[in-house]
Amino acid sequence: MTDVLARLRDLQAGDLPVHGGRTLAYVYDSGLAEVDDIGRAAVAAYAGSNGLDPTAFPSLLTMENELVGFACGLLDAPRTAVGTVTSGGTESVLLAVQAARDAHPEITAPRMVIPSTAHAAFHKAAHYFGVGAVVVPVGPDFRADAAAMAAAIDDRTVLVAVSAPSYAHGVVDPVTEVAAAAAARGVRCHVDACIGGWVLPYAARLGRPVPTWTFAVEGVTSISVDLHKYAYAPKGTSLLLHRTPALRKPQFFASAAWPGYTMLNATMQSTKSGGPLAAAWAVVQEIGDDGYAALAGRVFEAVDRIVAGIGGPLRVVVPPDSTLVALATDDSCDPFTVCDEMAARGWYVQPQMSYAGAPATIHLSVSAATLDVVDDFLTALGASVQAAVEAGPVTVDDEVVAFIEALDPAALSDEDFDGLLAASGLLGDAASTGAGLVLPDRMAEVNALLDVASPAMREALLTAFLDRLSRPAR
Ligand SMILES: *Cc1c(COP(=O)(O)O)cnc(C)c1O
């Protein structure tokens with residue numbers, strides 16, 4: 001057993017660190033060791049428990065209702081509100097869209113109106129559930145254009161969605177205006193607060209300017225908020241809250257159309273581990289309201305110091321409403337090289353491709369744990385920018401740009417993709433022989449190529465890449 005665990009630790013050593021505040025995407029670190037210990041212990045204690053049937057594991061139902069109750073307090077939910085623990089933000093968004101669609105079986109070609117900054121989970125929902133996504137460009141401040149969204153609502157609209165905040169730019173959409181427009185048409189309005197829902201209420205309590213976005217806004221019918229982000233719970237939990245049980249009703253799936261147990265689910269999974277739910281409950285109990293207020297104080301101090309420390313070739317794309325910061329560069333360097341330089345210095349910051357005329361950026365999801373190392377972060381960032389300026393912006397040859405722009409992903413064969421992946425430097429022999437993932441040390445060239453490609457081509461290339469990585473190790 002010790003050998004297996006030692007091997008596990010060896011494997012894990014190649015991953016991004018989940019503690020220490022130096023990974024500014026994917027992971028959220030409270031910096032509190034006892035919180036981690038409690039989360040882990042709860043996952044372990046409930047790893048075998050099955051959330052399939054709350055009457056068989058009533059403790060899971062108790063914990064779910066307590067978590068939803070806590071969130072109701074945070075999100076100004078009325079007494080009528082109900083909620084469900086899901087496996088993550090994507091599942092919460094999927095279910096919000098599915099429930100909105102199934103509330104209107106009479107609409108044959110349902111659609112949802114979303115801002116261009118909405119999370120990709122909405123496009124996944126559109127794809128899975130056949131709900132057309134009407135994508136409305138955001139304004140120059142990267143916030144949803146409420147008037148344009150209102151104008152996009154029609155008789156087929158089953159849902160309007162906004163973000164609090166958006167992932168890529170960290171700003172809160174004009175929820176009051178959009179929700180009012182939706183309500184005026186009798187349409188559901190979902191607020192995707194997956195990443196901000198647990199921290200924005202504390203920001204408001206700290207006296208920071210936070211636009212109103214919760215159930216306090218009359219037309220808001222549902223809210224998603226992830227526990228595995230700023231509730232600092234282990235991975236695997238999010239909440240989907242509805243204003244009333246009637247709004248949630250279409251989310252349930254029941255089937256007695258077989259000889260086994262009557263299947264009855266509020267989520268997409270049926271059998272599911274009790275571990276993540278128990279861990280989220282335990283972490284929320286341990287941190288508590290005062291603890292989250294203190295953690296919010298720490299994370300916003302880190303955000304403010306980062307924003308204040310940005311200068312030279314770097315700029316903050318838009319002043320952040322929450323804990324997410326997007327950085328852009330001037331022409332003296334490029335964001336992808338800055339990301340590589342940060343990685344070389346032991347920091348993970350996330351490259352974001354150019355999109356809809358907006359330039360490529362660097363994404364930071366700041367954690368409370370980052371505060372302890374924020375001076376080191378700014379030093380590393382300064383050094384990384386300097387190195388990126390010395391290297392000069394990564395360029396893609398004009399012929400290569402023309403070649404990539406002319407590619408139609410739908411017309412490419414598997415062999416074409418093999419060639420493209422090899423030429424782009426994304427795939428060496430290692431992956432194809434099952435030796436695991438060996439990415440180039442520097443991703444800037446690959447990212448610059450992807451940045452030139454259309455969104456459809458990016459999707460196709462990266463799908464081909466993932467497909468080649470995903471091969472049985474025999
Ligand atoms: C993270 C996120 C999601 C998706 O959540 P997952 O937990 O990654 O599935 C949806 N919306 C926003 C705004 C997010 O930040």
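- For the pair His363/Tyr167, a side-chain contact is recorded, criterion being any heavy-atom separation below 4.5 Å from C-beta on.
- How far OG1 of Thr86 is from CE of Met268: 10.5 Å, rounded to the nearest 0.5 Å.
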Is there a side chain to side chain donor-acceptor pair (under 3.5 Å) between Thr267 and Lys272 once you walk through the steps? CA-CA 10 Å; Thr267 62; Lys272 57 182 172 186; 3.2 Å; yes
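- Aromatic ring centres of Tyr202 and Tyr230: separated by at least 6.0 Å.
- Of the possible donor and acceptor atoms, none in the side chain of Asp226 sits under 3.5 Å from a partner among the backbone N and O of His228.
- Checking Thr212 against Thr176 by side-chain atom types alone, no donor-acceptor pair falls below 3.5 Å.
- Using a 4.5 Å heavy-atom cutoff, the side chains of Lys124 and His119 are not in contact.
- No side-chain heavy atom of Arg143 sits under 4.5 Å from any side-chain heavy atom of Val138.
- In plain terms, the two heavy atoms of Leu371 and Ala302 that are nearest each other are CD1-N, 3.7 Å.
- Val338 places a side-chain heavy atom less than 4.5 Å from the side chain of Leu381.
- Smallest separation of non-hydrogen atoms from Ala146 and Pro174: CB-CG, 4.1 Å.
- Heavy-atom minimum distance, Phe336 versus Ala360: CZ-CB, 3.6 Å.
- Between the side chains of Thr157 and Asp154, a donor-acceptor pair is found at a separation under 3.5 Å.
- The minimum heavy-atom distance between Ser365 and Leu324, with the atom names listed, is OG-CD2, 3.4 Å.
- The backbone N or O of Val85 sits less than 3.5 Å from a side-chain atom of Glu64, completing a donor-acceptor pair.
- Ring geometry for Trp198 versus Tyr292: interplanar angle over 60°, hence perpendicular rather than tilted (30 to 60°).
- One side chain, Ser238 or Ser92, offers a donor N or O that lies under 3.5 Å from an acceptor on the other.
- When atom types are taken as modelled, the side chain of Gln98 and the backbone of Pro250 share a donor-acceptor pair closer than 3.5 angstrom.
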Set out, in order, the CA-CA distance, both residues' side-chain angles and the distance that settles side chain to side chain contact (heavy atoms under 4.5 Å, CB included) for Asp467 and Thr463, then state yes or no. CA-CA 6 Å; Asp467 169 70; Thr463 302; 5.6 Å; no
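- When all heavy atoms are compared, the tightest approach of Ser322 to Val199 is OG-CG1, 3.6 Å.
- Here CG of Leu295 is found 11.0 Å from CG of Asp290. Values are rounded to the nearest 0.5 Å.
- In terms of modelled atom types and a separation under 3.5 Å, the side chain of Asp173 and the main chain of Ala144 share a donor-acceptor contact.
- Side-chain contact annotation: Asn265 with Gln269, donor-acceptor N/O pair under 3.5 Å absent.
- A salt bridge between Asp372 and Arg298 is present, with a side-chain N of the basic residue lying under 4.0 Å from a carboxylate O of the acidic one.
- Atom CG of Asp15 has more than 12 neighbouring heavy atoms from other residues, nucleotides or ligands inside a 6.0 Å radius.
- Formation of a donor-acceptor pair under 3.5 Å by the Arg185 side chain with backbone atoms of Ile153 is found in this model.
- Taken from OG1 in Thr80 to CZ in Phe215, the straight-line distance is 8.5 Å, to the nearest 0.5 Å.
- Annotation: side chain of Phe142 is not in contact with side chain of Ser116 (no heavy-atom distance under 4.5 Å).
- The main-chain N or O of Val18 is never found under 3.5 Å from a side-chain atom of Thr23 such that the two would form a donor-acceptor pair.
- Residues Met63 and Gln285 are not in side-chain contact: their nearest non-hydrogen atoms beyond the backbone lie 4.5 Å or more apart.
- In this structure, the separation between CD on Glu177 and CG on Asp145 is 10.5 Å, given to the nearest 0.5 Å.
- Not one N or O on the side chain of Arg101 forms a donor-acceptor pair closer than 3.5 Å with the backbone of Gly130.
- Using a distance-only test at 3.5 Å, with no hydrogens or angles considered, a donor-acceptor pair links the side chain of Asp321 to the main chain of Val172.
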Set out, in order, the CA-CA distance, both residues' side-chain angles and the distance that settles side chain to side chain contact (heavy atoms under 4.5 Å, CB included) for Leu462 and Leu426, then state yes or no. CA-CA 9 Å; Leu462 291 173; Leu426 255 180; 4.2 Å; yes
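- Inter-residue side-chain proximity for His190 and Ser224 is flagged as met; some heavy-atom pair is nearer than 4.5 Å.
- Between Tyr348 and Tyr26, the angle of the ring planes lies from 30° to 60°, which puts this pair in the tilted group.
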Could you go through Phe122 and Val135, starting from their C-alpha distance and side-chain angles, then the distance that decides it, and tell me whether this counts as side chain to side chain contact (heavy atoms under 4.5 Å, CB included)? CA-CA 10 Å; Phe122 287 94; Val135 179; over 6 Å; no
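- A salt bridge links Arg305 with Asp375: the distance from a Lys NZ or Arg NE/NH1/NH2 to an Asp or Glu carboxylate oxygen falls below 4.0 Å.
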Going through the distances and angles, do Ser59 and Tyr46 end up as a side chain to side chain donor-acceptor pair (under 3.5 Å)? CA-CA 10 Å; Ser59 67; Tyr46 273 83; 2.9 Å; yes
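- With hydrogens and angles ignored, the 3.5 Å screen pairs no side-chain donor or acceptor of Lys229 with any backbone N or O of Gly196.
- The environment of CD in Glu34 is crowded: more than 12 heavy-atom neighbours from other residues, nucleotides or ligands sit within 6.0 Å.
- Within the 4.5 Å cutoff, the side chain of Arg243 has heavy atoms near those of the Pro78 side chain.
- The nearest pair of heavy atoms linking Ala266 to Leu95 is O-CD1, 3.8 Å.
- Within the 3.5 Å criterion, the main-chain N or O of Leu52 finds no donor-acceptor partner in the side chain of Thr271.
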Could you walk me through whether Leu241 and Cys72 pass side chain to side chain contact (heavy atoms under 4.5 Å, CB included), step by step? CA-CA 8 Å; Leu241 275 73; Cys72 282; 4.0 Å; yes
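- Note that SG of Cys339 is 9.0 Å distant from CD of Gln352, once rounded to the nearest 0.5 Å.
- Considering OG1 of Thr361 and CG of Leu314, their distance stands at 11.5 Å, rounded to 0.5 Å.
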